[in-house]
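These notes concern the structure reproduced below.
Values below: every heavy atom of this structure, side chains too, minus hydrogens, waters and symmetry copies. Throughout, protein chains are lettered first and strands after them, A, B, ... in sequence-line order, and every chain is numbered starting at 1.
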2 protein chains.
Amino acid sequence: MNKAYAPLILEQFLPFRLSRLSESISLKFAQHYKREYGMNRPEWRALAALGQLGMLTSTQICQHSNMHKTKVSRAVQSLSQRGWLLRKRDDRDRRIEYLQLTPMGKRRYTKLVALAHQFQSEIESTMSSSELSTVNKALRILEKLEINGTSTQ
Amino acid sequence: MNKAYAPLILEQFLPFRLSRLSESISLKFAQHYKREYGMNRPEWRALAALGQLGMLTSTQICQHSNMHKTKVSRAVQSLSQRGWLLRKRDDRDRRIEYLQLTPMGKRRYTKLVALAHQFQSEIESTMSSSELSTVNKALRILEKLEINGTSTQ
DNA sequence: CCGATCAAGTTACAATTGTAACCATTGATT
DNA sequence: AATCAATGGTTACAATTGTAACTTGATCGG
């Protein structure tokens, strides 16, 4: 087979490798909360951010999870309709809305956290501890890239 | 702030880290071929797979790049309409279609490959060689996970 | 105080995507 | 041969998403 051009080896191309990995892993995890709670990815992410960090604005959720603001807006709307979060206007700056989980939201969150921990340990149990530390080191390196955070999505 | 539940630390949760990384890097790279060639992600991926591997069926592209078959179907259709690939039926099994880049398709591919190499070396230039090797080692570890390939998307 | 400008968040609309149903073809079974 | 299940690939339709425009409110310079 004659190829008169230098090919790109996809298996060595970072965006390709990352998105292939991310898609299969995220999809796998999504099956859990999709089936059991009827949630989608933006909803789960917003819930997770609020559960971990307590009280946030939509913009802060955007920045933290690197999601487009319309995604966040819709996720927040949906979580609020389910009664899982409360919105509270800032009195000083009435454009800003603080978001916080309700007790019901916290209960859902707790259940999903259990799922997440289980999922993570299933994955980690297939790695040796040195492999695990390599993976963590690599992720930290990649997360330092200036690319991250530059995008408004 | 009283949180009466054990939180999940998103910054340590693999699906979260991977998708945040993947989305920002892929988006960054996508800007190039989107602006210059009006291509979307599935189109670029199909082109890249064909450019590298020569002649493939749609199903093979699905497996290789972990994309849903409808995505691939549409990407192939679009590439074919631009005259960048040719479809050829298998005579033995007339369900199967072999796909192959045309000379014009190969020219586009070559240009995009140059972009890709440049993109990759920009990223790699910000890492030391030991960091780079850590990243590659980690990606190989993650790619061995049995999760990959289990999904039909 | 008034207009200009900018930020937070929403929404309308178009494009992209996933699910499920569908053809067309093949292979296996009877 | 006739039927049935399985496979490669497409398509209709609904859900999800991104872009751009918008609303509301704050700020800043005159």
Under 3.5 Å between N/O atoms: give me all the protein pairs with nucleotides 11-17 of chain C, atom names plus distance.
from, atom 1, to, atom 2, distance (Å)
dT11(C), OP2, Gln77(A), NE2, 3.4

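- Here the side chain of Arg87(A) pairs no donor or acceptor atom with the backbone of Leu99(A) at under 3.5 angstrom.
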- Item | Dot-bracket notation for DNA chain D, counting Watson-Crick and G-U pairs under 3.5 Å, with | for partners on another strand | ||||||||||||||||||||||||||||||

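- Considering only residues two or more places apart in sequence or on other chains, Asp90(B) meets the salt bridge (charged side-chain N to carboxylate O under 4.0 Å, His left out) condition with none of them.
- When the side chain to side chain contact (heavy atoms under 4.5 Å, CB included) test is applied to Glu36(A), no partner is found at least two apart in sequence or on another chain.
- Side-chain atoms of Ser58(A) lie closest to dT10(C) of the nucleotides dT19(C), dG9(D), dT10(C).
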Please table the atom pairs, donor to acceptor, closer than 3.5 Å between any side-chain atom in residues 128-139 of chain A and protein atoms at least two apart or in another chain.
from, atom 1, to, atom 2, distance (Å)
Ser128(A), OG, Glu131(A), N, 3.1
Glu131(A), OE1, Ser128(A), N, 3.0
Thr134(A), OG1, Ser130(A), O, 2.9
Asn136(A), OD1, Arg17(B), NH1, 3.2
Asn136(A), ND2, Leu132(A), O, 3.3

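- Whole-Å rounding puts the Glu97(B) CD to dA24(C) P distance at 14 Å.
- Screening residues 38-63 of chain A for ring-ring contact (aromatic ring centres under 6.0 Å, His included) gives Phe29(A)-Trp44(A), Tyr33(A)-Trp44(A) as the qualifying pairs, with residues at least two apart or on separate chains.
- Listed by chain and residue number, nothing satisfies the salt bridge (charged side-chain N to carboxylate O under 4.0 Å, His left out) test with Arg140(B) (two or more places apart in sequence, or in another chain).
- Remark: the Gln12(B) side chain and the Gln120(A) side chain contain no N/O donor-acceptor pair separated by less than 3.5 Å.
- Under the rule for a salt bridge (charged side-chain N to carboxylate O under 4.0 Å, His left out), Arg107(A) has no partner lying at least two apart in sequence or in another chain.
- Legend: salt bridge (charged side-chain N to carboxylate O under 4.0 Å, His left out) pairs involving residues 45-57 of chain B, not counting sequence neighbours, sorted by first then second residue: Glu23(A)-Arg45(B).
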Dump every N/O contact between nucleotides 23-25 of chain D and the protein below 3.5 Å, one line per pair.
from, atom 1, to, atom 2, distance (Å)
dG25(D), N2, Arg95(A), NH1, 2.7

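- Atom CZ of Arg35(A) is separated from atom C1' of dT19(C) by 16 Å (rounded to the nearest Å).
- Distance CD (Glu23(B)) to P (dG18(D)): 8 Å, rounded to an integer number of Å.
- As a whole-Å value, the separation of Arg89(A) CZ from dA7(C) C1' is 13 Å.
- Separating the CD1 atom of Ile96(B) from the C1' atom of dT10(D) is a distance of 16 Å, rounded to the nearest angstrom.
- Contacts classified as salt bridge (charged side-chain N to carboxylate O under 4.0 Å, His left out) and involving residues 77-86 of chain A (residues at least two apart or in different chains) are given here: Glu43(A)-Arg82(A).
- Residues forming a ring-ring contact (aromatic ring centres under 6.0 Å, His included) with Tyr109(B) (at least two apart in sequence, or on another chain): Tyr5(A).
- Within the nucleic acid shown, Arg87(B) comes within 4.0 Å of sugar-phosphate atoms alone, with no base atom in reach, counting heavy atoms only.
- Remark: P of dG8(D) and CG of Leu56(B) are 14 Å apart, rounded to the nearest angstrom.
- The nearest whole Å value for the distance from the CG atom in Asp90(B) to the P atom in dT26(C) is 9 Å.
- In this structure, His68(A) places its NE2 atom 13 Å from P of dA21(D), rounding to the nearest Å.
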